[in-house]
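In what follows, a single structure is set out as structure tokens and then discussed.
In what follows, every chain begins at residue 1, and chains take the letters A, B, ... in the order their sequences are listed. All values reported here derive from a predicted model rather than from experimental measurement.
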There are 2 protein chains.
Amino acid sequence: MPSMEIVRTDQTDAPGGAERVFTFFRDQLLAGSLKAGDRLLAERDLALALGVSRPVLREALRSLAILGLLDIRQGRGAFVRSADAAVLGQALTLCLAPEPNILDDVLQARIAIECQAIRLACERAADRDLQSIAALLDALVDSLDDPKRGGQADYAFHLALVRASGSGALMKIYEAIAPLLMRSHVERRRDTFREPAITSGLVEAHRQVFVALAERDPDAAERRLREHFRIGDELRRKTLISSYQAKGKRS
Amino acid sequence: MPSMEIVRTDQTDAPGGAERVFTFFRDQLLAGSLKAGDRLLAERDLALALGVSRPVLREALRSLAILGLLDIRQGRGAFVRSADAAVLGQALTLCLAPEPNILDDVLQARIAIECQAIRLACERAADRDLQSIAALLDALVDSLDDPKRGGQADYAFHLALVRASGSGALMKIYEAIAPLLMRSHVERRRDTFREPAITSGLVEAHRQVFVALAERDPDAAERRLREHFRIGDELRRKTLISSYQAKGKRS
DNA sequence: GGTCAGTCCGTGGTCTGACCAGCATAAAAG
DNA sequence: CTTTTATGCTGGTCAGACCACGGACTGACC
């Protein structure tokens, strides 16, 4: 059952056609008049109701779909989809494409988000947040021998930290940037998971961060988190250097 | 002179028509084959070259334009535009729309970015960065008596801090979220710029942050920056409370 | 009576061809 | 040489038609 209402704003707006239709829907999305799951009218009816031709309407709908706000499927219709972090991630990728050192830069953003998140988490985290983080810590230990699963467990742990901050904005931004780092993260793990000194250090670092969080000590939590990132960075530089040395030998 | 090249990928891709054209251009943008300022072929020629009809091509182009990647103007043509932070801001607004406490949340993100940025800036900032920040500090002092100009000077100061970090990603994210806070920031300033105790404290806080940065002391810089935000938050709560009390009296 | 297959209809997806409106350049008039 | 006009580009819009896919209904068959 289509639950949308056509309010038909003033037609004589300055921006013409497609743009007007686009902003019309976008504003309804922002205002909440259109909720996730709602089904839009058929294109032909909608075009008639809005007073534009079908191609113009389609341009607007297609744009909304590409932005991730609409789920258009042939034979079914167009459905409103709640905007998820994937949109943000795509926009970020596009914005950061011309930048050099993207990975380093995005890592800095990740550190920024996490350090702020864990401070908030020390204030706001509920018991069940701490419990789930503890469970993820166990999962991390259990998956040390598998780079892929281990990487995912690592990500899940850090994501839970951010979630415990209770800040939706931090969460969304984190979800947007983290996937960009996932690949290199797993690759690095593949180089190091055989070395007990490194993996045990990894586990210990995570545990210490968790303990500081459980003790609600923001300064200690942030300090340990930064230390964790610093060690990771150091490790990354080492592997980078040794890979260059290997290249040098081959040449 | 149109400088684009049509490489004409495999036509029998899985995704049909419009979506294919869209990803085609998006990937060229990401890969750098299309640089900012380039002019696309005319719609009719482009449609012919890509083997799709004009409406389909238009849907893709319009989507790119709405994403901010293209600048399409009647009678002129379509030009590639470098993706700016405005795209990110819009995506962020859409993603955060359903969240509660948006302003508080976004403020947390801002604190996260700035605190990380100033740490990086302590390592990386060049002399000219410090000079420009010092100049903006003077501008901030000069504009204390005007809420609007003062707010802008405040923003410019903090933006310069982030720029000094040398991280494009932090910069882009900061530019995306800061405008969301600008309005409330100026409004709060309008309530407080008459009180010398507050404004002098404000200047002093900024100065201390700058000094710590100039002395390349990351811990001190972050601590002072957090203190600056904490005081601002406290102030905000006070005005909120007194506004509620005023309401109570009226009723 | 229940189940499954075939058909029908509504949906988005695409195409063709045409016309309108803004802009730039070049040609023509002063 | 400057100003004005005319022409041709460009994107913007529209109408109508057809295709492909999905779901729902209906019928026959078990």
Would you give me the side-chain donor-acceptor pairs under 3.5 Å for residues 40-48 of chain A, sequence neighbours excluded?
unit_1, atom_1, unit_2, atom_2, d
A:E43, OE1, A:R54, NE, 3.0
A:E43, OE1, A:R54, NH2, 3.1
A:E43, OE1, A:R58, NH1, 3.4
A:E43, OE2, A:R58, NH1, 3.0

Just list the side-chain donor-acceptor pairs under 3.5 Å for residues 150-157 of chain B, sequence neighbours left out, or say none.
unit_1, atom_1, unit_2, atom_2, d
B:D154, OD1, B:H158, NE2, 3.0
B:D154, OD1, B:H206, NE2, 3.2
B:D154, OD2, B:R189, NH1, 3.0

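Judged by distance alone, the side chain of A:D38 and the main-chain N or O of A:K35 form a donor-acceptor pair under 3.5 Å. Between the side chain of A:S33 and the backbone N or O of A:L29, no donor-acceptor pair lies under 3.5 Å.
Contacts between residues 66-79 of chain B and DNA chain C, counted as heavy-atom distances below 4.0 Å, involve B:Q74, B:G75, B:R76.
Judged as a side chain to side chain donor-acceptor pair (under 3.5 Å), and not counting sequence neighbours, the contacts of B:D104 are B:R236.
B:D45 has its CG atom 11 Å from the P atom of D:dC9, to the nearest Å. Spacing between atom CG of B:L41 and atom P of D:dT10 amounts to 9 Å, rounded to whole angstrom units. A straight line from CZ of A:R20 to C1' of D:dT13 spans 12 Å, rounded to a whole angstrom. Between B:L57 atom CG and C:dT16 atom P there is a gap of 13 Å when expressed in whole angstrom units. Atom P of nucleotide D:dG11 and atom CG of B:L64 are separated by 14 Å, given to the nearest angstrom. Rounding to whole angstrom units, CG of residue B:L61 and P of D:dT13 are separated by 13 Å. In this structure, A:L40 places its CG atom 12 Å from P of C:dT11, rounding to the nearest Å. In this structure, the CG atom of B:L48 is 14 Å from the P atom of D:dG11, given to the nearest Å.
Residue B:R39 places its side chain closer to D:dT10 than to any other of D:dT10, C:dT14, D:dG12.
At D:dG12, none of the side-chain N or O atoms of A:R58 fall inside 4.0 Å of OP1 or OP2 (strictly under the cut-off).
Taking CZ of A:R26 as the reference point, atom CG of A:L67 lies at 10.0 Å (rounded to 0.5 Å). The OG1 atom of A:T23 sits 10.5 Å away from the CD atom of A:Q28 when rounded to the nearest 0.5 Å. One finds the CG atom of A:L161 at 7.0 Å from the CG atom of A:L225 (value rounded to the nearest 0.5 Å).
Every pair passing side-chain hydrogen bond (donor to acceptor under 3.5 Å, both in side chains) that includes a residue from residues 159-187 of chain B is listed here, sequence neighbours excluded: A:E99-B:K172, A:D105-B:S167, B:R110-B:Y174, B:E114-B:Y174.
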Protein-nucleotides 14-18 of chain D N/O pairs closer than 3.5 Å?
unit_1, atom_1, unit_2, atom_2, d
D:dC14, OP2, A:S53, N, 3.1
D:dC14, OP2, A:S53, OG, 3.0
D:dA17, N6, A:R54, NH1, 3.3

